[in-house]
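One structure is given here, and the rest of the page talks about it.
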Amino acid sequence: MPSSKLVLIDGNSILYRAFFALPPLTARDGTPTNAVYGFTTMLLRLLSDENPTHLAVAFDKSKVTFRHADFAAYKGTRQETPDELVQQFPLARRTLEALSIPMIEIDQYEADDVIGTLAKRAAEAGFEVRVVSGDKDLLQLVDSHVHVLLTRKGITEMEHFDEQAVAQRYPGLKPAQVIDLKGLMGDPSDNIPGVPGVGEKTALKLLASFGTVEGVYEHLKEVQGQKLRERLEQHRDDAFLSKRLATIACDAPVEVDLDSLRYEGPDPARALAWFRELDFRSLVDKISEEMSHDSTSPQPSAEPGRPSTAWDGFAYDVIEDVQAWREAVSAFNEPVGVMMDFAHPDYHVAEIRGMAVAAPKRAYYIRFGERLELSDVRPWLVSERPKVAFDLKSMAFALDAHGIGLTPECGWQDVKLAAYLLNPQDGDVELSEVFARERGQELPPREDATREKWLAYTASHLPPLFESLAYTIRMQEMERLYQEVELPLAFVLAKMEITGFYVNREKLQAFGEGLTERIERITQEIYELAGTSFNLNSPKQLGEILFDKLGLPALKKTKTGYSTSADVLEKLAPMHEIVQKILDYRMLAKLQSTYVEGLLKVIRRETGRVHTRFHQTLTATGRLSSSEPNLQNIPIRLEEGRRLRQVFEPTYKDWVIFAADYSQIELRILAHLSGDEALIDAFRHDMDIHTRTAADVFEVPPEQVTSLMRRQAKAVNFGIVYGISDFGLSQNLNIPQKEAKRFIENYFEKFPGVKRYMDEIVRQARERGYVTTLMNRRRYLPDIHSRNYQMRSFAERTAMNTPIQGSAADLIKLAMVRIDRAMRDAQMDARMLLQVHDELIFECPKDELPALEVLVRDNMENAMTLSVPLKVDTAHGPTWYDAK
DNA sequence: AGCAATCA
DNA sequence: TGATTGCT
């Protein structure tokens, strides 16, 4: 049996060294991390190089120690520890916690003393001991079983000192004489005086002759050199004091049992989660690599028939009959990873070939066929047994097509959702990207030939992956957002996608035919006015016609040429009748191509409905997005486009479309977040907020607010929500930037709480590197420190906008989850169809309308309690158009 | 501010 | 990929 090996680390010394040895380094949130980084890399290096059986890190507990009783000025010349280092001590402690490494500190004693005491005890108990520090004083501890590792220039480079190495570094010196050396030399860094004029050379010579400080003074007369003798005589007390100060107390009251320092290796999930939080990317890679190879850390066994973490040797069993399935699944008593084997890359094509079910130590591929059907695994899929998936919404969608309805109560967790909450800026990511980011592991390529193995392999990794994500989510206080909002919402969204929205194809085609006629007519008119035909859809050709041929002024340019955007064309409209026709053409063409043709393409033949996809893990703010088709941008502003909504009908004849939207949700959230009294007051009195803003900003009574004033105030309110810039507002209102600036200044004067909030949130973003929403959804803003004005300003506006937009997203998502549950509880037939950021669209039988209205309004208005009331407007009608 | 779709 | 337009 190999002997026990104890590694003792001088935490303070290493952190101090690391801080000054490494360039500045910060986490995403701006916290300095260079010292912790060095500390951690050193720890990991030690673990792999020394392979300790026992391990501890010692810290100084208090500034005042027993040494100060002896010499008040001890360490008196030390500079104040820099703030950037002070901040890192708690991080170092949490690092040790994450790595499960014991920490020791004792009142009145320094880390040295703890180390000396433990080293001595351990050596007596037959341990090999390694002491790690940056402080040469520790060399006094060296003996045949205690070696000292001193950090070299960097931090991971170590110089190994045994007795021989000490004698080499200080010619002829024994480790025990280190204190005598220091007694004579002193140590300016600790304000230990020593004997002035005695340096290392002289001290070593003296000690070679007389052994100790005591020996020197006993034989003072024999010392060569009168001046030296005089100095020694004069500073006798200093010499003895210095020796005492340098002497490590090997009898400190350390009430720690050596057994309790036994080191079993870190918990990989905790360690990785913590390193991820610190943004130690290279360490995340490194440690996951080490853990998958290091035989001392807990690993799945590599026995025959059992999976190892490595792809090549990965083994899994194929299950094809009910009996084997039951046996396999009943043997799991831990969270199980599940990967569905879709026959098609699009989950809306809900064909399922099989599924992988695996934990780190056992993996199966379940092949569906005659002897085992999906319905056989249904009880397990809907049970409360803990199961981990990647993209639950797609599973819930596909399984529903096979009569298996997953609910939030079914014991599922979702790696994709968890990963999104931790890094929303990455958008919709693949499983392989999460693996790469969280574990530093490359996933093998997904190939047809190894499909089943790939699924089993990845499934086996899902549970630990989820564990580490969940740990960080808890640390960032997003557990409620995950458990009570995003996770249950996935099931709600799956249901909405499954339901779809009925589209009256004939109406839509007729609408399109009307458009075609108008487009043809207007195209001819434009060609006549231009005197030539050209591609109206090409901004380049259009620009040539307008600005070169017709000689209209080019008001704005783009990177590639003239700008022909709507705001430019609107200014040119009075100058030539072709311009308005082009604007009309643009509108009609948009309606035709995007909405009529686009919608017709995605109506499902079988259902006559469109089944949009809601992306729950895409936006940086927490909003949903919608695609194929995007039902979140169906026209409404202009009547001609709005009519398109007439093609969206209820499923059944006697049903209606019901819509409920939050009134001024973002400004209400701003009122709450900022605590601005005027804004809060306005909403408590349910005023028309734009009129009220106009009255304040233009200093007139509300009755005298003109429509222009209200329009301008409305733009200011928008600007405020988006994080105002005078440039942006001037563009919006088509006014000089100076005037826009005055509007904003006026606004902030009337709403000082808003001003304070905006300043504070930007300050917070700078300090922490991120901003948060009401439910602690987080968004990192690394550009907030950019030297580039544009990028920095953008980050600042994002800092102002994200808490507002993101909190609104939190709010409506929470409402959706509750509404879904309430509708199920009440066994209603009504269905939620769409979410459009601040509104929800339903279809329901006419007779359910009153109950649905109450239920929806209640859950939306009371989703959260803010300092202003939440107001919901509702409407209904025979089509979406009529629900206004 | 945040998205998606279309076209060249 | 960029320009444009649709939505909140």
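Just so we're on the same page: letters track the sequence lines, and every chain starts at 1. Computed from a prediction, not measured in an experiment: that's the story for all the values here.
- For Y881(A), the OH atom counts as densely surrounded, since its 6.0 Å shell holds more than 12 non-hydrogen atoms of other residues, nucleotides or ligands.
- Residue L591(A) is classed as having no contact, given no heavy-atom separation below 4.0 Å to the nucleic acid.
- Ion pairing between R766(A) and E796(A) holds under the 4.0 Å rule for side-chain N and carboxylate O.
- The ring-ring contact (aromatic ring centres under 6.0 Å, His included) analysis of residues 561-589 of chain A, with sequence neighbours excluded, yields the pairs F547(A)-Y562(A).
- Across all strands shown, R779(A) has heavy atoms under 4.0 Å from sugar-phosphate atoms exclusively, and none from any base.
- With sequence neighbours excluded, the residues satisfying ring pair (Phe, Tyr, Trp, His ring centres under 6.0 Å) with F743(A) are F698(A).
- The residue E666(A) sits apart from the nucleic acid: no heavy atom pair falls under 4.0 Å.
- Relative ring orientation between H348(A) and F397(A) is described as parallel, the plane-to-plane angle staying below 30° on a 0-90° scale split at 30° and 60°.
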Under 4.0 Å protein heavy-atom contact, by nucleotide of nucleotides 3-8 of chain C - B base, S sugar-phosphate only: SSBBSB
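- Heavy atoms of A808(A) sit nowhere under 4.0 angstrom from any nucleic acid atom.
- Backbone-only contact: F794(A) has heavy atoms under 4.0 Å from sugar-phosphate atoms and none from a base.
- Contacts of F534(A) classified as ring pair (Phe, Tyr, Trp, His ring centres under 6.0 Å), with partners at least two apart in sequence or in another chain: Y527(A).
- Contact annotation for S626(A): backbone-only contact, meaning every heavy-atom pair under 4.0 Å involves sugar-phosphate atoms and none involves a base.
- When DNA chain B is scanned in the 5' to 3' direction for atoms under 4.0 Å from non-hydrogen atoms of chain A, the outermost contacting nucleotides are dA1(B) to dA8(B).
- Sorted by first and then second residue, the salt bridge (Lys or Arg N to Asp or Glu O under 4.0 Å) pairs involving residues 558-586 of chain A (not counting sequence neighbours) are E525(A)-K581(A), K556(A)-D567(A).
- Only one option out of R609(A), R505(A), K507(A) pairs with E649(A) in a salt bridge (charged side-chain N to carboxylate O under 4.0 Å, His left out); it is K507(A).
- Within 4.0 Å of G598(A), counting heavy atoms only, lie sugar-phosphate atoms of the nucleic acid but no base atom.
- D676(A) places a side-chain N or O within 3.5 Å of a backbone atom of V754(A) that can act as its donor or acceptor partner.
- Between K540(A) and R797(A), the residue anchored nearer the 5' end of DNA chain B, judged by the nucleotide with its closest heavy atom, is R797(A).
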